[in-house]
Amino acid sequence: MNPVPQKNSGRYDFAFIEDKWQRHWLTQNTFKASEDSARRKYYLLEMFPYPSGKIHMGHVRNYSIGDVIARFKRMQGYNVLHPMGWDAFGLPAENAALKHDTHPAKWTYENIDYMKNQLQRMGFSYDWDRELATCDPEYYRWEQLFFIKMYEKGLVYRKMTTVNWCESCQTVLANEQVIDGQCWRCDNQVLPQDMHGWFFRITDYAEELLAECDNLTGWPEKVLTMQRNWIGKSIGAEIDFPVENTDQVLKIFTTRPDTIFGATFMSLAPEHPLVDLSRHTSQAEQVAQFVSRTKIARKQQKPDEEIEKEGVFIGHYCINPFSGDRIPIYTANFVLMEYGTGAVMAVPAHDQRDFEFARKYNLPVKVVVQPRDKQLDSETLLEAFEDTGVLAASAQFDGLSSAEAKIAITAFAAEQGFGKGMTTYRLRDWGISRQRYWGTPIPMIHCSTCGVQPVPEDDLPVILPADAKPDSSGSSPLHSLESFYKTLCPACGEEARRETDTMDTFVESSWYFARYACPDFTDGPLDRDRVNYWLPVDQYIGGVEHAILHLLYARFFTKVLRDLDYLSTDEPFKNLLTQGMVIKDGAKMSKSKGNVVDPNKLIEEFGADTVRLFSLFAAPPEKDLDWSNKGVEGASRFLNRVHRFVESNREMLTSAPDQQASNLNEKSRALHRKTHQTIRKVTRDLENDFHFNTAIAAVMELVNLLLSLISENAENDIAPAAIKEAVDATLLLLAPMTPHFCSELWEITGHEELLENQSWPTFNPESAKDEEIIVVLQVNGKVRSRLLVSPDIGNDELKELSLLDDKVQKFVGNKPIKKVIVVPKKLVNVVA
RNA sequence: GCGAGAGUGGCGGAACUGGUAGACGCACUGGAUUUAGGAUCCAGCGCACUAGCGUGCAUGGGGGUUCAACUCCCCCCUCUCGCACCA
């Protein structure tokens, strides 16, 4: 029987080395950040994790990318802030607590302990003194203060909305918890229910949030596009249509006021209040049926399903204030109450949806905008003409272009008092009420005499009671915990009820980046000087799944805090990097697919440096990373190769002079040159676009050259100084990526100063300059030969040499040479 | 349907403002060393034809601009992501 192979045989002892340096960094507080106005700051932030239990490969990748940048910037002399914390409130803790019969707080804090240890084992350079957890009252107390300040400023309000309600669980469900119209937990039918909830007036900031997108030049265009679409600004007009035989007015919003003469009916959302007008008409029964049928159908609708356009006449007409036309009012299933005014003027000739609806119900079609190249006929129209054109059948506006008509018609409506220019947004106010336990309590009190009252600032924080915990009913225990909800009204002193809803956890992550600047500050939420020194975040890194909500909310909060005078930046994140997913075997890692890779096992088998190296090497950060176990072995091999070389040349490296001799031999010069070229390449890759994969490839090339020169160098005639220079550069260039490994080898090779105190290496352009360059010779665009020449060669000489070249002559033959193109120092193309 | 991005060897991926396509790594093949190797070292490795020197052909497909196109322009196909009746 074979002996059990020795663990790590043939490999460097990464376990020892990594433990040694991690201990060192922790005890020396190496990465502690202090404010220093004399130094250039760099705030690097990765999206903090939800403490779900353990770190996954997505975290490993995200935080490896961030750590390289943090360490790189430190070496470049920046004062770097690189904090880490925990997005610690949220529903999973409640579910886990139920499942394991524990308390969400206990579960959360245990996870934090475990995951913190995992992050430390990866060697990430965080300033742990700034660690924060959002479920800590010392954190959320300030969020409650913000809430009250926002309330005082009119940025918080309470209103009734329709929510997804599960009767058996007695709770509100988020949209993503409703699966095919059923509760994710008990499979009961989810019903719409009207409930009170608290809202942040994010729409007040819609315009600024949109406009400022143009200044976010350090963000991916993709994310900005998503944000712009989400805000969804449209410019148009609001027009009043009086309803016949009533004193009611139907307000509509349109982006096409130029088509107003073509309106032949009206479409209301089923929820629109004026739908009730049908009640006293013969249509009453039909309308009521339609409305309830539509509401149910909507809830059961699959996300990508297109429903058939339907509607019913509500028994009333309104008058087009422009034309005096009498138009029937319908309610239709494709009109959304949430957008605009919930009512649409239907112009079948110029809107495809209205066109389909009109054809189905035999409603008139009236062309009022003619294209410039042909004449449309209302009778024979096959589809709506949605482009702009020239107005027709529009009274005094005939002959105007659509653009002119929009302005003229809007102005006319304003003049006559039945309309005005209006801008609407798709963005809705942010509903933050959650009927959950594990979240920040909303600091409000309901008094039957005084109404809603904010908790006085001196009474903050409203602590989430630890003696409650979720039970299987699904209902928040806060609703029934008397010691929590029973309180006194701050206005009249009478008995009152505390708000028992908690805040959406997106609120915590909307300002944590600011708190990192001063996590120990007790006099208020934010210490102005420190916050203003560090903010904005210079580089933010995280998954693209947060491209809309988290980033939009964080931007909103930053502007609110600015207006509340807590900080003075307009935007929180100057540069944004959205890293790709980690996939394996062509699919996202997931338990159900069975392709999950456990970081712990990888660290044990290969060490943290190898895991970091591979996750940086396999793909550029913004692209998806295809995980490959074989690839990890390759990364490990590379580090071992470097380690072996350094170990076996330790004495030479320790004693080699730092100064380069002036008369190096050819091979030494080649190594010296490659060293400087590599520094140049790696510096550029890291500075420009964080393309670590090509940076690492460049270092590998340097190492390959070094090893091949040594192995064929029996005479040992390569200058030790050149070798030392190459090894030092290798260690410095890899330091941000494989910090334990490089620190150890740096020490072994006799440096007295620690690697972590070294500056980023610089290259000498003279040293990096090639002695000889290859110039490609083409005949008629095809490569036929190559010339090895001095880099100082002139174009004339190059041309001359090319024409003398055997291969060139062979392929030119006796054809006349038409022209010769010379790209300096690169290429010659002979056209014959 | 709309919007954005991408398509390069067996695989992950390189290629600066149009100028040697395939860096680096993985896999694979042959060899060396070894009791053995899943360790290490050396060599090869886009495809086709060729004994070889070579010569064609190649960056999703088709056209175009150019001395020269992965790169620029037009059309088409496929995939990924986001939005999806937004009036």
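Naming convention: chains lettered A, B, ... in sequence-line order (proteins, then strands); numbering from 1 in each chain.
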Taking atom [atom1] in both [N] and [M], compute the distance separating them and give it to the nearest angstrom.
N: B:G44; M: B:U59; atom1: C1'; result: 24 Å
N: B:G38; M: B:G30; atom1: P; result: 13 Å
N: B:G25; M: B:A32; atom1: C1'; result: 23 Å
N: B:G46; M: B:C41; atom1: C1'; result: 26 Å
N: B:U29; M: B:C16; atom1: C1'; result: 35 Å
N: B:G13; M: B:G7; atom1: C1'; result: 14 Å
N: B:G18; M: B:A68; atom1: C1'; result: 8 Å
N: B:C53; M: B:U17; atom1: C1'; result: 39 Å

Report yes if a side-chain nitrogen or oxygen of [X] is closer than 4.0 Å to either non-bridging phosphate oxygen (OP1 or OP2) of [N]; otherwise report no.
X: A:Arg637; N: B:A27; value: yes
X: A:Arg644; N: B:C41; value: yes
X: A:Arg784; N: B:G56; value: yes
X: A:Arg426; N: B:A84; value: yes
X: A:Arg641; N: B:A39; value: no

State whether [X] and [Y] are salt-bridged, where the test is any N-O pair (Lys NZ or Arg NE/NH1/NH2 against Asp/Glu carboxylate O) under 4.0 Å.
X: A:Arg228; Y: A:Glu221; result: yes
X: A:Asp624; Y: A:Arg61; result: no
X: A:Asp685; Y: A:Lys681; result: yes
X: A:Lys601; Y: A:Glu604; result: no
X: A:Glu771; Y: A:Arg673; result: yes

Whole angstrom is fine here: how far is it from [atom1] in [X] over to [atom2] in [N]?
X: A:Tyr339; N: B:A84; atom1: OH; atom2: P; result: 13 Å
X: A:Leu734; N: B:C24; atom1: CG; atom2: C1'; result: 13 Å
X: A:Phe614; N: B:A27; atom1: CZ; atom2: P; result: 11 Å
X: A:Lys825; N: B:G19; atom1: NZ; atom2: C1'; result: 16 Å
X: A:Ile583; N: B:C79; atom1: CD1; atom2: P; result: 16 Å
X: A:Arg353; N: B:C2; atom1: CZ; atom2: P; result: 15 Å
X: A:Leu639; N: B:A39; atom1: CG; atom2: P; result: 16 Å
X: A:Gln227; N: B:C83; atom1: CD; atom2: P; result: 12 Å

Main-chain N/O of [Y] paired to [X] side chain as donor or acceptor, under 3.5 Å:
X: A:Asn640; Y: A:Tyr12; result: yes
X: A:Arg612; Y: A:Ser64; result: no
X: A:Asn649; Y: A:Phe645; result: yes
X: A:Asp325; Y: A:Thr264; result: no

- Item | Residue whose closest nucleotide on RNA chain B lies nearer the 5' end, A:Gly634 versus A:Lys807 |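 Looking at RNA chain B, the more 5' nearest nucleotide goes with A:Gly634.
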
- Starting at the 5' end of RNA chain B and moving along, which residue's nearest nucleotide shows up first, A:Lys782 or A:Ser628? A:Ser628

- If you check every side-chain atom of A:Thr254, which of B:C57, B:A87, B:G19 has the closest atom?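 The nucleotide sitting nearest to the side chain is B:A87.
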
- Query: Looking at B:U20, B:C24, B:G56, which one has an atom nearest to any side-chain atom of A:Val783?
  - Reply: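 Taking heavy atoms from C-beta onward, the closest nucleotide is B:U20.
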
According to the Watson-Crick and G-U wobble definitions, with both distances under 3.5 Å, which nucleotide is paired to [N]?
N: B:G82; value: B:C2
N: B:G38; value: none
N: B:U55; value: B:A48
N: B:C16; value: none
N: B:U66; value: none
N: B:C11; value: B:G25

Base, sugar-phosphate, or nothing for [X], non-hydrogen atoms under 4.0 angstrom?
X: A:Asn333; value: nothing
X: A:Lys826; value: base
X: A:Val830; value: nothing
X: A:Phe811; value: sugar-phosphate

- Message: Base contacts versus sugar-phosphate-only contacts with protein, heavy atoms under 4.0 Å: please encode nucleotides 4-15 of chain B as B, S and - from 5' to 3'.
- Response: --------BSS-

- Message: Quick one about A:Tyr339 and A:Thr424 (side-chain donor to acceptor, distance below 3.5 Å, no hydrogens or angles considered), yes or no?
- Response: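 Present: a donor and an acceptor within the cut-off.
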
- Task: Step by step, work out the salt bridge (Lys or Arg N to Asp or Glu O under 4.0 Å) result for A:Glu356 and A:Arg359.
- Result: CA-CA 5 Å; A:Glu356 288 168 26; A:Arg359 285 288 186 248; over 6 Å; no

Atom pairs, protein N/O to nucleotides 64-71 of chain B N/O, distance under 3.5 Å:
| unit_1 | atom_1 | unit_2 | atom_2 | d |
| --- | --- | --- | --- | --- |
| B:C67 | OP1 | A:Lys819 | NZ | 3.4 |
| B:C67 | O2' | A:Asn829 | ND2 | 3.1 |
| B:C67 | O2 | A:Asn829 | ND2 | 2.7 |

- Message: Please find the pair of heavy atoms, one from A:Met47 and one from A:His546, that lie closest to each other, and give the distance.
- Response: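 The pair with the smallest heavy-atom distance is SD-ND1, 3.5 Å.
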
- Note on the structure: Glycosidic torsion of B:G64 (syn if within 90° of 0, anti otherwise) classifies it as anti

- Message: Rounded at 0.5 Å granularity, tell me how far OH in A:Tyr330 sits from OH in A:Tyr361.
- Response: 8.0 Å

